Amino acid sequence: MIEVKHLRLIDTVAKVGSLNKAADRLFLTQSALSHQLKELESKLGVDIFYREKNQLHFTPEGKELRDAGAAILDQLADLEKKVQQVSQNQLKRYIHGYSDFESRRLNDQARTMSDLLHYDSLWAGDTTVLEVGCGVGAQTSIISMKNPEVHFTSVDLSESSLLKAKERVNTLGIENVTFRQADVYELPFDDGSFDHVFVCFVLEHLVNPHEALLELKRVLKKGGTLTVIEGDHGSTYFFPDNKAARKAIEAQVSLQSKNGGNANIGRQLYPLLDEVGFSNIHVDPRQVYVDPSRPEKVEGFIKNTFTAMIQGVKEEVINAKIISETAMEDGIKGLLNTADGGTFCYTFFKAKVVK
């Protein structure tokens with residue numbers, strides 16, 4: 001009769017003191033939250049809250065439910081921590097952006113690659129776009145600002161990433177994005193809910209991208225479009241060439257594979273989308289080329305995007321015994337060497353399809 005969502009609702013209201021603030025904290029509209037509350041009170045046959053002088057108070061029955069629910073939520077939180085510890089590698093397959101370092105890297109990458117990746121990320125006004133795997137909102141802020149008349153729903157599995165994403169769009173004054181916590185394999189939306197779906201740097205982290213694409217297809221309207229952007233580490237080459245740098249890149253690719261992902265998925269987008277049954281598939285390779293005549297790319301891509309990504313997995317690849325600490329440090333130095341008068345190339349792949 002009582003669901004976990006009801007307990008979270010009551011606990012959140014108790015912490016923040018109002019339905020409006022609770023709705024904001026839970027990534028719900030106030031009407032949706034009020035509907036859940038009425039649903040629960042109807043099931044129980046009691047009132048949980050009452051108002052007095054514009055203040056929200058718990059009824060005696062509400063207090064009892066609040067206290068018992070808080071204990072249950074504490075137990076669930078402990079259970080979730082244990083599950084996360086056991087399946088940490090599984091969770092990492094498509095949750096990124098936890099650390100401040102990684103958040104900065106993702107935002108730097110988004111800004112640096114905006115013109116290359118998003119000059120055509122445009123949708124008709126007054127349509128709906130589902131962004132899956134929004135992370136800390138690095139791509140969200142760019143595509144929503146380019147499409148101010150479009151209604152975006154951005155979802156991610158990580159609550160902490162969603163909080164960072166929401167803070168980012170609020171700081172930028174963006175008002176056309178709604179955030180929800182959701183799993184890409186089990187989206188909480190009806191069939192054909194969205195005009196368009198947008199996915200950027202997500203499939204590379206998934207154990208089963210085919211299954212995820214089927215779920216994205218389900219929530220897409222007939223005739224709607226799906227946009228997918230992925231990188232391909234196998235497309236990386238640079239001068240001066242450096243064996244240590246290549247080993248560091250290979251270590252990152254191996255780690256991602258060990259965690260169930262695929263750092264070379266960009267080249268596979270066409271067959272993946274074809275297998276799922278999409279039509280009018282168009283895959284556009286977009287190459288990043290950097291040399292000293294493009295100083296903004298030297299800083300933004302070589303240092304703050306690609307090398308920062310390799311630096312970000314240093315501890316993990318060493319702990320996983322994929323590469324030694326010395327070899328990893330030499331590899332990072334080799335990559336940074338290309339920023340000192342060298343050249344660097346990398347290819348992203350952007351696919352657009354129709355359902």
Side-chain angles (χ1 to χ4, degrees), residues 83-84 86-98 102 105-106 109-110 117 129-140 143 153-162 165 179-189 194 196-220 225-235 249-278 281 283 309 312-313 316-317 320 322 347-353 355:
V83 171
Q84 287 181 356
V86 171
S87 60
Q88 188 177 21
N89 285 342
Q90 181 185 21
L91 286 172
K92 284 179 181 175
R93 69 194 185 198
Y94 65 105
I95 298 177
H96 49 81
Y98 280 129
E102 182 68 357
R105 187 193 72 79
L106 291 170
Q109 173 181 267
L117 299 180
V129 175
L130 172 66
E131 181 196 12
V132 177
C134 67
V136 296
Q139 308 296 330
T140 313
I143 60 175
T153 299
S154 297
V155 304
D156 199 88
L157 187 61
S158 167
E159 184 178 1
S160 61
S161 292
L162 285 170
F179 291 99
R180 288 191 63 176
Q181 189 171 8
D183 189 323
V184 66
Y185 293 115
E186 297 180 30
L187 294 169
F189 306 111
F194 296 93
H196 313 281
V197 174
F198 174 84
V199 189
C200 186
F201 307 142
V202 174
L203 300 185
E204 62 173 307
H205 299 285
L206 302 182
V207 171
N208 194 338
H210 184 276
E211 182 181 337
L213 286 169
L214 284 173
E215 180 67 353
L216 299 183
K217 185 180 180 183
R218 180 187 69 79
V219 300
L220 185 61
T225 64
L226 166 70
T227 300
V228 182
I229 301 175
E230 293 291 345
D232 192 314
H233 287 12
S235 70
I249 296 170
E250 289 168 6
Q252 194 276 340
V253 172
S254 296
L255 177 69
Q256 196 155 327
S257 177
K258 187 175 181 180
N259 288 340
N262 180 1
N264 298 329
I265 200 170
R267 69 190 74 177
Q268 298 177 32
L269 287 186
Y270 188 98
L272 271 172
L273 294 163
D274 187 50
E275 288 170 9
V276 175
F278 284 105
I281 304 170
V283 180
M309 174 189 62
V313 299
E316 281 188 83
V317 294
I322 294 173
T347 304
F348 294 98
F349 295 82
K350 184 170 185 175
K352 293 184 179 181
V353 302
K355 178 177 176 180

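All heavy atoms count here, side chains included; hydrogens, waters and symmetry mates do not. All values reported here derive from a predicted model rather than from experimental measurement.
- The two residues N264 and N262 come nearest to each other via the heavy atoms N-OD1, 2.9 Å.
- Counting only heavy atoms from C-beta outward, the side chains of D232 and T347 never approach each other to under 4.5 Å.
- Annotation: side chain of V228 is not in contact with side chain of L216 (no heavy-atom distance under 4.5 Å).
- The backbone N or O of E204 lies less than 3.5 Å from a partner atom in the side chain of Q256, making a donor-acceptor pair.
- Closest non-hydrogen pair, G135 versus A165, comes out as O-CB, 3.6 Å.
- Between F348 and F201, the two ring planes are tilted [angle within 30° to 60°].
- Two residues are said to be in side-chain contact when any heavy atoms from C-beta on lie closer than 4.5 Å; I229 and F198 meet this criterion.
- Distance check, rounded to the nearest 0.5 Å: CG of L157 to CD of Q181 gives 6.5 Å.
- Side chains of E215 and Y185 form no contact here, defined as non-hydrogen atoms less than 4.5 Å apart.
- The CG atom of L220 sits 6.5 Å away from atom OG1 of T225, with the distance rounded to the nearest 0.5 Å.
- At distances below 3.5 Å, not a single donor-acceptor pair connects side-chain atoms of R267 with backbone N or O atoms of F349.
- Side-chain atoms of K350 come within 3.5 Å of backbone N or O of L117 as a donor-acceptor pair.
- Under the 3.5 Å distance criterion, the side-chain polar atoms of S161 are left unmatched by any main-chain donor or acceptor of S158.
- Here the closest heavy-atom approach between residue A251 and residue V317 is recorded as O-CG1, 3.6 Å.
- In this structure, the separation between OG1 on T153 and CD on E131 is 10.0 Å, given to the nearest 0.5 Å.
- Between V253 and A263, the shortest heavy-atom distance links the atoms CG2-CB, 4.0 Å.
- Scanning both residues, D156 and C134, for their nearest heavy atoms gives OD1-N, 3.4 Å.
- Residues H233 and M309 meet the side-chain proximity criterion, which asks for heavy atoms closer than 4.5 Å.
- When all heavy atoms of S154 and L162 are compared, the pair lying nearest together is O-CD2, 4.2 Å.
- Within the 4.5 Å cutoff, the side chain of L272 has heavy atoms near those of the I265 side chain.
- For the atom pair SG (C200) and CD (E230), the distance works out to 7.0 Å, reported to the nearest 0.5 Å.
- Remark: K355 NZ to L226 CG distance equals 11.0 Å, nearest 0.5 Å.
- Between L213 and L203, the closest side-chain pair of non-hydrogen atoms falls below 4.5 Å.
- One finds the CG atom of L269 at 12.0 Å from the CG atom of D274 (value rounded to the nearest 0.5 Å).
- S254 contributes a side-chain N or O that, together with a main-chain N or O of E250, makes up a donor-acceptor pair within less than 3.5 Å.
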